[in-house]
Amino acid sequence: MSYTFLLASTTNYGVILAESLLKAGFFCHGVLTPTAQPAGRKKIITKNPVQIWAEAQNLPIFFVEKKLDQALIASLPKIDFLLVADFGYYVPEKLTNLAKYLAVNVHPSALPKYRGSSPGQAVILNGEKNSAVSLIQVAKEMDAGDLLAQIPFQVNQNWNKDQYYDFAFSLAAQSLPQKLLDFAEGKIKLTPQKGEPTFALKLDRAAGFIKNIQAEPMLTYRKFLAYHPWPGIWTLDENGKRVKILACHLDQKKELAIDLIQIEGKTAKKP
């Protein structure tokens, strides 16, 4: 039997997961993704990776304008599975009900640790040595759904956030097809998350401010790995100008060595 799915995503991580399902014999009924948005300083209208992939695959594309409204949901096909990954929108019950078996969200942390939109950054910032990627049922409460599976892994202490997410989603892609097959065939069941949840909420530019860059070298370095390139880490000079730290590393003495900075209004340079 060939199971069907609809992908709800905005990034290449959703593409990686969808391709793993296609290779396993699943059939994609389309993608649910935002319309092309202005990007960069010139505000050029830019398609996201999911739209680009769907067009290349000749798949139906269901565009989200500002929110998931009733008319859009009514236009979507019935599927066996709804796959949600890096989507960025609240998923209402009427959407999850389209899935015969399961609406599954792929979340790159060891839930209930680090629910929210920036789990990888939180893992790196807190110096976690172990983490996991969780396959969960989409629920009304953010990232609180029951677990389909949780795949543990060790965290390389020199990973930046992109490397963390690349590894976590690639690991999930290896397990996702079989886990969905096993669930549809009744071989595995959902289990509740255990423990007190912690949260890793949406970041803003202020999160990257460090009053004294050299005060805690390890923490500053972790913050750089977690927040580069956005929101980035920055401080203020004696004139009150913003100074971005564009590159840094820990030397052999575990002291922070700054390699590249950019003072507000000027080009990047070595300090």
Side-chain angles (χ1 to χ4, degrees), residues 3-24 26-92 94-96 98-99 103-108 116-121 133 135 138 142-143 160-174 176-177 180 201-205 227-232:
Y3 293 100
T4 60
F5 72 97
L6 179 74
L7 171 65
S9 180
T10 63
T11 71
N12 193 55
Y13 296 127
V15 173
I16 291 170
L17 296 168
E19 287 186 335
S20 75
L21 294 181
L22 292 179
K23 289 177 182 177
F26 287 70
F27 182 80
C28 186
H29 270 334
V31 303
L32 183 62
T33 198
T35 53
Q37 301 293 321
R41 291 184 177 180
K42 295 184 179 180
K43 302 297 182 183
I44 298 173
I45 300 299
T46 305
K47 299 176 182 178
N48 69 49
V50 173
Q51 180 181 350
I52 293 170
W53 175 77
E55 289 176 347
Q57 299 288 327
N58 292 316
L59 293 172
I61 303 174
F62 303 93
F63 287 112
V64 183
E65 294 291 343
K66 293 183 178 179
K67 64 179 182 177
L68 286 159
D69 57 34
Q70 300 290 345
L72 175 59
I73 294 173
S75 72
L76 299 174
K78 295 277 188 179
I79 64 274
D80 292 318
F81 295 98
L82 174 67
L83 173 58
V84 181
D86 233 3
F87 187 41
Y89 292 88
Y90 173 73
V91 179
K94 287 188 176 180
L95 178 54
T96 62
L98 294 176
V104 60
N105 178 33
V106 179
H107 185 84
S117 61
S118 58
Q121 290 90 325
V133 58
L135 312 182
V138 177
M142 180 180 61
D143 300 326
N160 60 33
K161 66 177 178 62
D162 292 333
Q163 291 168 317
Y164 175 91
Y165 286 128
D166 288 350
F167 187 89
F169 280 102
S170 294
L171 190 62
Q174 295 173 29
L176 180 64
L180 294 186
L201 302 180
K202 190 174 181 179
L203 298 169
D204 58 21
R205 182 172 291 181
Y227 292 170
H228 184 76
W230 197 92

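Nothing here was measured: the structure is a model prediction, and the numbers come from that model. Quick note: residue numbers are just sequence positions, from 1.
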TODO: May I ask you to test the Leu83-Val104 pair for a side-chain heavy-atom distance under 4.5 Å?
DONE: yes

Open item on the list: If you apply the rule side chain to side chain contact (heavy atoms under 4.5 Å, CB included), what do you find for Leu82 with Val91, and how did you get there?
Closed with: CA-CA 10 Å; Leu82 174 67; Val91 179; 4.3 Å; yes

Task: Trp53 side chain reached by Leu59 side chain, heavy atoms, under 4.5 Å - done: yes

Task: side chain to side chain contact (heavy atoms under 4.5 Å, CB included) evaluation trace for Val84 with Tyr89 - done: CA-CA 10 Å; Val84 181; Tyr89 292 88; over 6 Å; no

Open item on the list: Can you give me the closest heavy-atom contact between Asp143 and Gly116, atom names plus distance?
Closed with: OD2-N, 2.7 Å

Task: Gap between atom CZ of Phe26 and atom CG of Leu176 - 0.5 Å precision - done: 7.0 Å

- [ ] Would you name the heavy atoms of Ile45 and Ala36 that are closest together and state the gap between them?
- [x] CG2-CB, 3.5 Å

TODO: Report yes if the side chains of Asp80 and Leu180 come closer than 4.5 Å at any heavy-atom pair, otherwise no.
DONE: no

- [ ] Spell out, as yes or no, whether a donor-acceptor pair under 3.5 Å connects the side chain of Gln37 to the backbone of Thr35.
- [x] yes

Task: Check against side chain to side chain contact (heavy atoms under 4.5 Å, CB included), Val138 and Leu95 - done: CA-CA 10 Å; Val138 177; Leu95 178 54; over 6 Å; no

Open item on the list: Quick one, Gln57 and Val15 - any side-chain contact, counting heavy atoms below 4.5 Å?
Closed with: no

Task: Step-by-step side chain to side chain contact (heavy atoms under 4.5 Å, CB included) determination, Phe87 to Val64 - done: CA-CA 11 Å; Phe87 187 41; Val64 183; 4.2 Å; yes

TODO: Check Leu6 against Gly30 and note the closest heavy-atom contact, atom names and distance.
DONE: CD1-O, 3.1 Å

Task: Considering all heavy atoms, the nearest Thr10-Thr33 contact - done: CA-OG1, 3.9 Å

TODO: Output the distance between atom OH (Tyr90) and atom NZ (Lys67), rounded to the nearest 0.5 Å.
DONE: 12.5 Å

Task: Side chain to side chain, Arg205 and Tyr227, heavy atoms closer than 4.5 Å - done: no

Task: Side-chain touch Phe62/Pro77, heavy atoms, less than 4.5 angstrom - done: yes

TODO: Could you grab the distance from atom OG of Ser117 to atom CG of Leu203, nearest 0.5 Å is fine?
DONE: 6.5 Å

Task: Closest non-hydrogen atom pair between Ile73 and Lys94, with its separation - done: CG2-O, 3.9 Å

Task: Least distance between heavy atoms, Pro108 atom then Ala168 atom - done: CB-CB, 3.9 Å

TODO: Please list, chain by chain and in numerical order, all residues satisfying ring pair (Phe, Tyr, Trp, His ring centres under 6.0 Å) with Phe63, sequence neighbours excluded.
DONE: none

Task: Distance in Å, Lys78 NZ paired with Thr4 OG1, rounded so as to fall on 0.5 Å steps - done: 11.5 Å

TODO: Check whether any side-chain heavy atom of Pro229 lies under 4.5 Å from a side-chain heavy atom of Lys161, and answer yes or no.
DONE: yes

